[in-house]
K.L.:
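Quick one: structure below, then a few questions.
The first residue in the sequence is number 1, and the count goes up from there. All ligand and atom numbering here is 1-based and tracks the order in the structure.
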Amino acid sequence: MRPNSQALKHKSSHDTEREFGGTLGAICIPIFLPLTVLFLICVSRSPEASVLQWPPSLPSADQLWDPLALVLLVGWIALHALLYVMPLGKVSEGLVLRDGTRLKYPINGFHGLCISGVLLMLLVGLEAPLGYLFELLVPLAVCAIAVSFLFSVYLYIRSFWAPSHALALGGNTGNPLYDFFIGRELNPRIGNFDLKYFCELRPGLIGWVVVNLGMLMKEVELRGSPSLAMMLVNSFQLLYVADALWNEEAVLTTMDIVHDGFGFMLVFGDLAWVPFTYSLQASFLVMHPQALTALGAAVIIALNGIGYYIFRKSNSQKNQFRRDPSHPSVARLETIATATGKRLLVSGWWGLVRHPNYLGDLLMALAWSLPCGFSHLLPYFYVIYFTVLLIHREDRDERQCRAKYGVAWDTYCRRVPYRIFPYIY
Ligand code: NDP
């Protein structure tokens, strides 16, 4: 049932609502964020590792480019494109689109992770110098940024051939800078190959794990064995990536797939920001080894475990409820009706706070930083940035849900007053 579709169709010609600071944001973010990626990588390996150091640590011109980095990046993306089209795993349908159709998606990202893992183990067995990724990090990031820009230009241009119902509601303002940034087309595809879905969880996310492994191997080169802190960071983040790919189907109901167009914001986030800033803790530990006691490690493991439990349980509960509200695991939960025909959970995890999945994610983010000790701010970049991102994302989602569900959403907010942190926020 899609009672909102008429209202949505009326909005699809030119939507004037702007996010991320509108046109100014669309100009500044594509300049500022790529520079931030390069800056943070350089800081993480400098002796001071200080984000406040003046003059700031910046790469010299000869550190920016290495043809090997381009070959590796393009080869990596091609490998995952090949794994995507291989007939592995099941095929699942996305949510109903505005034209009433549903797209099909291969659920084989976890296979891609496992095959990548086997290939990497072979390389380790063959004594390939994976630690060299540490030296290649800046040129790899430069190539990923360049690829993100070129790919976004391609996506922007091709979107003018897409039918109007295939455009994202928020990406069709008519302002080229903003639309390039936010993304015009909702589900750009080449044949059955879905470009947004492919980028969302594969080359960048699995690439992040590979960068981490490269940092671990560099540590082995330098000090003979990996440190406990490095092993924790690698294991926690591998668990996070493996979980995302194991539950790949759940991405089909997220904001990125359902609502956002595919433009620079998502392309750069997927291909450059995630692999090169989420791996900062591992990169930091190469040059700044940290001693970690067994008790400290146990506390950090417990924190990551609690965060993961909340994150996984709440995401699975909502996903199950959206896919089949009569399923025994969710059928007894209390819900409220909305005018759209969909219901909202008001008990279980979604009765605790309005975004329990964000709460779990943030606890894990803290656990990834703690192995790096308290001497530097840089390893806490992820948890600080992620808190800002999720507070902003929560606000965006609230606005979208209020527009979708109206008075029912207000009732939900009264029943569940806290957004992310119980009794705090
Ligand atoms: P969510 O999975 O939180 O989905 C939000 C949607 O859920 C809403 O739009 C609404 O959609 C539905 N919903 C909200 N409240 C209820 C309710 N009470 N009952 C039923 N449905 C409800 O969105 P995200 O895509 O933001 O997050 C997915 C996961 O990805 C999270 O765990 C997040 O932490 C993680 N994430 C990680 C990032 C990273 O960089 N590591 C970045 C972004 C997200 P509808 O009603 O239309 O179904």
K.L.:
Atom 19 (N) of ligand 1: protein heavy atom closer than 4.0 Å?
P.N.:
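It does: a protein heavy atom is found less than 4.0 Å away from atom 19 (N) of ligand 1.
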K.L.:
Using a 4.0 Å heavy-atom threshold (strictly under), name the region of L344 that reaches ligand 1: side chain, backbone, both or neither.
P.N.:
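Both the backbone and the side chain of L344 come within reach of ligand 1.
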K.L.:
Could you tell me whether R18 and D179 make a salt bridge, using a distance below 4.0 angstrom between a side-chain N and a carboxylate O?
P.N.:
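Looking at D179 together with R18, the answer is no, because their closest N to O distance does not fall below 4.0 Å.
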K.L.:
Below the 3.5 angstrom mark, is there an N/O of R354, backbone or side chain, next to an N/O of ligand 1?
P.N.:
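In this structure, R354 places no N or O atom under 3.5 Å from an N or O of ligand 1.
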K.L.:
Which of the numbered atoms in ligand 1 are below 4.0 angstrom from a heavy atom of R322?
P.N.:
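Listed by number with element, the hits are 20 (C), 21 (N), 45 (P), 46 (O), 48 (O).
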K.L.:
Pull out every atom of ligand 1 sitting under 4.0 Å from any heavy atom of K342, numbered as shown with elements.
P.N.:
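What qualifies from ligand 1 is 45 (P), 46 (O), 47 (O), 48 (O).
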K.L.:
Hey, which atoms in ligand 1 end up nearer than 4.0 Å to a heavy atom of T254?
P.N.:
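Those qualifying, in numeric order: 25 (O), 28 (C).
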K.L.:
For the residue pair Y358 and H355, does the interplanar ring angle fall in the parallel (under 30°), tilted (30 to 60°) or perpendicular (over 60°) class?
P.N.:
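The arrangement is parallel - the two ring planes meet at less than 30°.
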K.L.:
Run the salt-bridge test on D256 and K196 with the 4.0 Å N-O cut-off and return the result as yes or no.
P.N.:
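Answer for the salt bridge query: no.
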K.L.:
Can you tell me which portion of K404 lies within the under-4.0 Å heavy-atom range of ligand 1? Options are side chain, backbone, both, or neither.
P.N.:
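Only the side chain of K404 comes within reach of ligand 1.
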K.L.:
Using a 4.0 Å cutoff against the non-hydrogen atoms of Y405, which atoms of ligand 1 qualify?
P.N.:
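In order of number, 45 (P), 46 (O), 47 (O).
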K.L.:
Does R393 come within less than 4.0 Å of ligand 1, judged by its heavy atoms?
P.N.:
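Yes, that is the case, since the closest heavy atom of the residue is under 4.0 Å from the ligand.
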K.L.:
For atom 13 (N) of ligand 1, what's the nearest protein heavy atom and its distance?
P.N.:
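Closest protein heavy atom to atom 13 (N) of ligand 1: K318 CD, 3.7 Å.
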